[in-house]
> 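Next up is a structure, given as structure tokens.
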Amino acid sequence: MVNSSPASDVVVIGAGITGASAALELAERGARVTLVDGFGPAAMASGWTLAGVRQSGRHPSELPLALRAVELWPDLAEKLGHETGYRQKGNLRLARTSDEVPVIRELVADQSAAGLPITFLSDLQAVREIAPALSDRVLAASFCATDGHADPDLTVKAYVKKAESLGVETLFGEKVTGLEVSGGRVVAVATSSRRIGCGAVLLATGILANELLSPLEAEIPLRRPIVTVLRSVVCAPMLEPVLGVANADMAARQELGGRMRVTSGAQFGDWSLANRHGWPVIRPGMNAIQETIETVRTVLPAFGSLELESVWAGALDLTPDALPVIDRVPAVDNLTVAAGFSGHGFGIGPVTGPLAASIALGAEVEMDVSAFRFSRFSDIPQAEASLTLHG
Ligand SMILES: Cc1cc2nc3c(=O)[nH]c(=O)nc-3n(C[C@H](O)[C@H](O)[C@H](O)COP(=O)(O)OP(=O)(O)OC[C@H]3O[C@@H](n4cnc5c(N)ncnc54)[C@H](O)[C@@H]3O)c2cc1C
């Protein structure tokens, strides 16, 4: 049962975009790295995602990370040696009611003041110059031309391949069952089939972060709403930018291959993680599917007549302030966590992984991560996070 495995400087748990980009960074800095995932690359949020790469609508603490990420995305495919599907086609955030117009206007004012190139489009004609397929239910929008989207599976796999080429050992289909702590440090990681001795651990396990943190009495307060995702068959070009809306109850983009991928707002309630052919799935309810189609069709009528290719739900790791935790776990000296991305961790993955890697190595951290500290939740009312603007 117990195989021996070479000791690692850092064991990264979770091969979503956060763990995969962190593993690459660690390897580039000369660390011996093991990247473990219970399933494989992009098995959870990083595969379920809409995969918008946006700066617009970001919290002020996250905006510098998003600005930096957008500097990195255009050259990422070349750096990784594999396609990421990144396209910088902008993000339109729509106002569909007279109440939503001032919300969008204020977003543009705040974010322009913060230095983001973002424009307020005050009427339908101006919005249709960017997205002609939109219905006349759209009253106004914000537009950030430097936002975009990418292919999440390609991107995560590209990170993993590059990391492997630099010597990162990958263990997929192997769930971590526990962290062995001695003298206030993690000394080994136990998986379903082995024990890996380690110098440090980086936990990038998304919605499952607390499974490994709870036994250490170091939980992150997380709610885990789900989002319904619909994907059409390949269709004629209808949308270049990513679409969002003022109240985050839908988002949409057209994938590079021509499929439309649309998402609902966050839905709170019971759900379960099933296993389909060895891969994790969450099944959305019929009502949620129907509502998502209606909400999207209201602004994008052509969507309603497309054929549906696949449907799934994705869960979010929503913290009380909708910001991630990127920090050492206070009581365990060499354990770093990067989780709680609250529905917007894909676009900033090329930055958050390397930041987490720096923290795990005890190296200088290049950006201000004080808003993402582990211990901040004692000051924040629980369960009060606003719904996040994904897309
Ligand atoms: C429907 C939806 C739409 C979204 N839209 C956007 C968007 O437009 N833009 C944006 O920026 N973000 C978006 N997000 C959020 C974004 O996708 C996530 O924040 C991001 O992908 C999180 O990446 P991660 O690597 O932190 O976590 P994950 O991708 O969830 O990776 C965690 C990994 O850890 C593994 N794991 C967990 N527990 C264990 C264990 N015990 N042992 C071994 N492995 C384990 C899992 O198998 C998984 O692969 C969206 C999310 C969803 C669900």
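Predicted, not measured: the structure shown is a model, and the values here were computed from it. Atoms within a ligand are numbered from 1 in the order they appear, just like the ligands themselves.
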> Look only at interatomic distance and state if Leu316 has a nitrogen or oxygen under 3.5 Å from any nitrogen or oxygen of ligand 1.
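In this structure, Leu316 places no N or O atom under 3.5 Å from an N or O of ligand 1.
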
> Taking only heavy atoms of Thr18, which atoms of ligand 1 are found under 4.0 Å from at least one of them?
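Reading through ligand 1 atom by atom, the close ones are 23 (O), 24 (P), 25 (O), 26 (O).
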
> Scan Thr295, Thr298, Asp249 and name whichever one has a side chain to side chain donor-acceptor pair (under 3.5 Å) with Arg96.
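Testing Arg96 for a side chain to side chain donor-acceptor pair (under 3.5 Å) against Thr295, Thr298, Asp249 leaves exactly one candidate, Asp249.
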
> With heavy atoms under 4.0 Å as the rule, classify the contact between Arg253 and ligand 1 as side chain, backbone, both or neither.
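Under 4.0 Å from ligand 1, Arg253 contributes no heavy atoms.
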
> Closest by any non-hydrogen atom to atom 30 (O) of ligand 1: pick that one out of Ala45, Pro324, Pro41, Gly14.
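The nearest heavy atom belongs to Ala45.
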
> Applying side chain to side chain contact (heavy atoms under 4.5 Å, CB included) to Thr263 and Thr292, what does each step give before you reach the verdict?
CA-CA 7 Å; Thr263 55; Thr292 309; over 6 Å; no

> For ligand 1, which part of Ala51 has a heavy atom less than 4.0 Å away: the side chain, the backbone, both, or neither?
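The part of Ala51 near ligand 1 is the backbone, not the side chain.
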
> Check whether any N or O atom of Glu174, backbone or side chain, sits under 3.5 Å from an N or O atom of ligand 1, and answer yes or no.
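The answer is no, given that Glu174 and ligand 1 share no N or O pair closer than 3.5 Å.
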
> Set out, in order, the CA-CA distance, both residues' side-chain angles and the distance that settles salt bridge (Lys or Arg N to Asp or Glu O under 4.0 Å) for Lys175 and Glu211, then state yes or no.
CA-CA 11 Å; Lys175 184 170 178 169; Glu211 282 191 356; 3.1 Å; yes

> Please could you name the atoms of ligand 1 that Arg58 approaches to less than 4.0 Å, counting only its heavy atoms?
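What qualifies from ligand 1 is 11 (O).
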
> Just do the salt bridge (Lys or Arg N to Asp or Glu O under 4.0 Å) check on Arg231 and Glu255 with the steps written out, would you?
CA-CA 9 Å; Arg231 193 186 198 201; Glu255 297 177 2; 2.9 Å; yes

> Quick one: do Asp9 and Arg32 make a salt bridge, cutoff under 4.0 Å?
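Yes, charged N to carboxylate O under 4.0 Å.
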
> Would you mind telling me if ligand 1 is within reach of the side chain of Thr177, the backbone, both or neither, using heavy atoms under 4.0 Å?
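Neither part.
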
> Which atoms from ligand 1 have a heavy atom of Gly38 less than 4.0 Å away?
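Ligand 1 atoms under the 4.0 Å threshold to Gly38: 43 (C), 44 (N), 45 (C).
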
> For Glu62, state whether at least one heavy atom is located under 4.0 Å from any atom of ligand 1.
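No; Glu62 lies far enough from ligand 1 that no heavy-atom distance drops under 4.0 Å.
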
> Could you tell me which atoms of ligand 1, counted from 1 in the order shown, lie closer than 4.0 angstrom to a heavy atom of Gly52?
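With Gly52 as reference, the close atoms of ligand 1 come out as 7 (C), 8 (O), 9 (N), 10 (C), 11 (O).
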
> Using distance alone, decide if ligand 1 has a nitrogen or oxygen within less than 3.5 Å of any nitrogen or oxygen in Ile13.
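Checking ligand 1 against Ile13, no N or O pair falls under 3.5 Å apart.
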
> Does Glu211 reach ligand 1, in the sense of a heavy atom lying below 4.0 Å from it?
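Checking ligand 1 against Glu211, which is what was asked, there is no heavy-atom contact under 4.0 Å.
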
> Under the salt bridge (Lys or Arg N to Asp or Glu O under 4.0 Å) criterion, do Glu71 and Arg68 qualify, and how do the steps go?
CA-CA 5 Å; Glu71 287 171 4; Arg68 177 70 189 129; 2.6 Å; yes

> Could you list the atoms of ligand 1 found under 4.0 angstrom from a heavy atom of Val227?
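Matching atoms, with element in brackets: 1 (C).
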
> Would you say Asn334's side chain and Arg185's backbone share a donor-acceptor pair under 3.5 angstrom?
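Side chain of Asn334 to backbone of Arg185, a donor-acceptor pair under 3.5 Å: no, none is there.
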
> Are any of the N or O atoms of Ser46 closer than 3.5 Å to those of ligand 1?
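So ligand 1 has an N or O lying under 3.5 Å from an N or O of Ser46.
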
> Report yes or no: do Phe172 and Leu202 belong to one cluster of Ile/Leu/Val/Met/Phe/Trp/Tyr joined by side chain heavy-atom distances under 4.5 Å?
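Per the 4.5 Å side-chain linkage, Phe172 and Leu202 are co-clustered.
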
> Once rounded to the nearest 0.5 Å, what's the spacing between atom OH of Tyr86 and atom OG1 of Thr155?
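Tyr86 atom OH to Thr155 atom OG1 measures 11.0 Å (nearest 0.5 Å).
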
> Quick one: which of Val229, Leu208, Thr49 has a heavy atom closest to atom 6 (C) of ligand 1?
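Ranked by closest heavy atom to atom 6 (C) of ligand 1, first place is Thr49.
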
> If the cut-off is 4.0 Å to any non-hydrogen atom of Phe39, which atoms of ligand 1 fall inside it?
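Reading through ligand 1 atom by atom, the close ones are 47 (O).
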
> What part of Ala315, side chain from CB on, backbone N/CA/C/O, both or neither, has a heavy atom under 4.0 Å from ligand 1?
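The answer is the backbone.
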
> Could you tell me whether Asp317 approaches ligand 1 through its side chain, its backbone, both or neither, with non-hydrogen atoms closer than 4.0 Å?
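Looking at Asp317 and ligand 1, no heavy atom falls under 4.0 Å.
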
> Above 12 or not: heavy atoms from other molecules or residues under 6.0 Å from CZ of Arg283?
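Atom CZ in Arg283 is not crowded, with 12 or fewer foreign heavy atoms closer than 6.0 Å.
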
> Do any nitrogen or oxygen atoms of Gly345 come within less than 3.5 Å of a nitrogen or oxygen of ligand 1?
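So ligand 1 has an N or O lying under 3.5 Å from an N or O of Gly345.
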
> Looking only at non-hydrogen atoms, find the nearest pair between Ser56 and Arg93 and report the distance.
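The answer is O-NH2, 4.0 Å.
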
> What atoms of ligand 1 come closer than 4.0 angstrom to any heavy atom of Phe341?
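What qualifies from ligand 1 is 19 (O), 26 (O).
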
> Taking non-hydrogen atoms only, is Ala339 closer than 4.0 angstrom to ligand 1 via side chain, backbone, both or neither?
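Contact part for Ala339 vs ligand 1: neither.
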
> Is there any N or O on Gly347 that sits under 3.5 Å from an N or O of ligand 1?
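Yes.
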
> Taking Asp317 for its side chain and Gly340 for its backbone only, find out whether a donor-acceptor pair lies under 3.5 Å.
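Indeed, once roles are kept as given, a pair shorter than 3.5 Å links the two residues.
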
> Do Glu174 and Ser192 have side-chain atoms, one donor and one acceptor, less than 3.5 Å apart?
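Short answer, no.
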
> Gly314 to ligand 1: N or O pair under 3.5 Å?
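No, no N or O pair falls under 3.5 Å.
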
> For ligand 1, which atoms have a heavy atom of Leu212 less than 4.0 angstrom away?
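Numbered from 1, ligand 1 contributes 41 (N).
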
> Please indicate whether any nitrogen or oxygen in Ile17 is less than 3.5 Å from any nitrogen or oxygen in ligand 1.
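Min N/O separation from ligand 1 is below 3.5 Å for Ile17.
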
> If you count every heavy atom of other residues, nucleotides or ligands that lies below 6.0 Å from Glu366 atom CD, does the total exceed 12?
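Yes, because the 6.0 Å sphere around CD of Glu366 holds more than 12 heavy atoms from other groups.
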
> Among Leu179, Thr155, Thr205, Val176, which residue places a heavy atom closest to atom 45 (C) of ligand 1?
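Shortest heavy-atom distance from atom 45 (C) of ligand 1: Thr205.
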
> Show the nearest heavy-atom pair for residues Ala360 and Thr336, with the distance to one decimal.
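Residues Ala360 and Thr336, closest heavy atoms: CA-OG1, 3.4 Å.
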
> Would you name the heavy atoms of Ala43 and Trp279 that are closest together and state the gap between them?
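Nearest heavy atoms, Ala43 then Trp279: CA-CZ2, 3.4 Å.
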
